[in-house]
Every structure is written in C-alpha cells, then in structure tokens.
*Asks:* 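Let me begin by handing over the structure; questions about it come next.
Scope of the values below: all heavy atoms of this structure, side chains included, with no hydrogens, waters or symmetry mates. Keep in mind it's a predicted model, so treat the numbers as computed, not measured.
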Amino acid sequence: QVQLVESGGGLVQPGGSLRLSCAASGSIASIIAMGWYRQAPGKQRELVATIASGGSTDYADSVKGRFTIARDNAKNTVYLKMNSLKPEDTAVYYCHAARILVNTKFNYWGQGTQVTVSS
C-alpha cells in the first residue's frame, strides 16, 4: 500500500502562486510515477502534471509554462509549483502515484486539496 498526504492548497488571487506538496509513505520502492490531477465542479478529473521515476515530466497544455512538478527523493515528496494562477485553475487537486507489482499497475490517490483562484 501507498499512502499520499497532500498539503498547500488555499485561496489565491489571479496571477498569484501556490506550492502543493504530496508526501508518500508505505510501499514506495515500486512507485513508477507520481503526479497531480485536478477536478473542478461538474467536470471530469484531468491530468495536470506527472513525473516518472526516471525524472521525465509531462504537463497538461493548459498549465505548461506556469506549473512545475518536482520531487525530493530523500523526503519521498512531490511538489507542484503553480505560478500565474488563473480562475480556471480552481479545482480540487489530487496527488497520484502509480505502482507496479507483479506486472500489475496499482493507482493510489491522496485525499485532495482545494485550490481557489479568485479576487
């Protein structure tokens, strides 16, 4: 099992910045990727950014150039730095981890943290 605990959400004005953190614990040795997804009211959950165990990253087009995903292996923590925030970035942000065990992929989710961009 993998446990994910998020922090760092909140209310910010348009153009502002926030940094989300996701601390992983448990069976983390077999995690192949971690990332962030978000879900706005009435919308489906969507990918925001991912970082693979090898360090490669991927971003949704809507956040490229504004958001940066990074990890601290010593702390088993993944971060999402969000700059130039827009009202449309308002959503619940979920940390995600993918783990491979005996050729089977398992997905784990955090509890979610609210990000609200509003003046």
*Asks:* Could you walk me through whether Trp36 and Glu6 pass side-chain contact (heavy atoms from CB on, under 4.5 Å), step by step?
*Replies:* CA-CA 10 Å; Trp36 293 90; Glu6 302 126 332; 3.9 Å; yes
*Asks:* Does the pair Met82 and Val115 meet the rule for a side-chain contact (heavy atoms from CB on, under 4.5 Å), with working shown?
*Replies:* CA-CA 10 Å; Met82 304 183 292; Val115 172; 3.9 Å; yes
*Asks:* For Asn107, check side chain to side chain donor-acceptor pair (under 3.5 Å) against everything at least two apart and list the hits.
*Replies:* His96
*Asks:* Mind jotting down which residue pairs meet the side-chain hydrogen bond (donor to acceptor under 3.5 Å, both in side chains) criterion with at least one end in residues 42-54? Sequence neighbours excluded, please.
*Replies:* Arg38-Glu46
*Asks:* Of all residues at least two apart in sequence or in a different chain, which pass the salt bridge (charged side-chain N to carboxylate O under 4.0 Å, His left out) check with Lys64?
*Replies:* Asp61
*Asks:* Do any pairs count as a disulfide bond (SG atoms under 2.5 Å apart) and have a residue in residues 55-90, sequence neighbours left out, and if so which ones?
*Replies:* none
*Asks:* Answer yes or no: is there a side-chain heavy-atom contact under 4.5 Å between Tyr108 and Gln1?
*Replies:* yes
*Asks:* Linking directly or through intermediates, with side-chain heavy atoms under 4.5 Å: list the remaining ILVMFWY members grouped with Tyr94, chain and number order.
*Replies:* Tyr37, Leu47, Val92, Trp109
*Asks:* Which residue pairs pass the disulfide bond (SG atoms under 2.5 Å apart) test when at least one of the two sits in residues 41-81, sequence neighbours left out?
*Replies:* none
*Asks:* Would Arg71 and Asn73 count as a side-chain contact (heavy atoms from CB on, under 4.5 Å) here? Give the steps.
*Replies:* CA-CA 6 Å; Arg71 66 184 186 189; Asn73 290 332; 3.4 Å; yes
*Asks:* Going by the rule side chain to side chain contact (heavy atoms under 4.5 Å, CB included), which residues pair with Ser118 if we only count those two or more places apart in sequence or in a different chain?
*Replies:* Leu11, Thr116
*Asks:* Just grab all the ring pair (Phe, Tyr, Trp, His ring centres under 6.0 Å) pairs involving residues 38-79, residues at least two apart or on different chains.
*Replies:* none
*Asks:* Of all the heavy-atom pairs spanning Pro14 and Ser119, show the shortest one and how long it is.
*Replies:* CD-N, 3.7 Å
*Asks:* Under a single-linkage rule joining Ile, Leu, Val, Met, Phe, Trp and Tyr whose side-chain heavy atoms are separated by less than 4.5 Å, which residues share a cluster with Val5?
*Replies:* none
*Asks:* Is the shortest side-chain heavy-atom distance between Met34 and Leu4 below 4.5 Å?
*Replies:* yes
*Asks:* Of Val48, Asp58, Val78, which meets side chain to side chain contact (heavy atoms under 4.5 Å, CB included) against Ile69?
*Replies:* Val78
*Asks:* Enumerate, atom names and distances included, each donor-acceptor pair closer than 3.5 Å involving a side-chain atom of residues 22-30, sequence neighbours excluded.
*Replies:*
from, atom 1, to, atom 2, distance (Å)
Ser30, OG, Arg99, NE, 2.8

*Asks:* Could you check Gln114 against Thr90 for side-chain contact (heavy atoms from CB on, under 4.5 Å), going step by step and ending with a plain yes or no?
*Replies:* CA-CA 8 Å; Gln114 177 71 46; Thr90 295; 4.0 Å; yes
*Asks:* Report yes or no: does Thr77 contribute a side-chain atom to a donor-acceptor pair with the main-chain N or O of Lys75 at less than 3.5 Å?
*Replies:* yes
*Asks:* Return the CD1 to CG distance between Ile32 and Leu101, rounded to the nearest 0.5 Å.
*Replies:* 11.5 Å
*Asks:* Tell me every residue that passes salt bridge (charged side-chain N to carboxylate O under 4.0 Å, His left out) with Arg66, counting only those two or more places apart in sequence or in another chain.
*Replies:* Asp89
*Asks:* Would you find more than 12 non-hydrogen atoms of other residues, nucleotides or ligands less than 6.0 Å from Gln111 atom CD?
*Replies:* yes
*Asks:* Can you name the side chain to side chain donor-acceptor pair (under 3.5 Å) partners of Ser17, sequence neighbours left out?
*Replies:* Asn83
*Asks:* Under a 4.5 Å cut-off applied to non-hydrogen side-chain atoms, are Val2 and Ile31 in contact?
*Replies:* yes
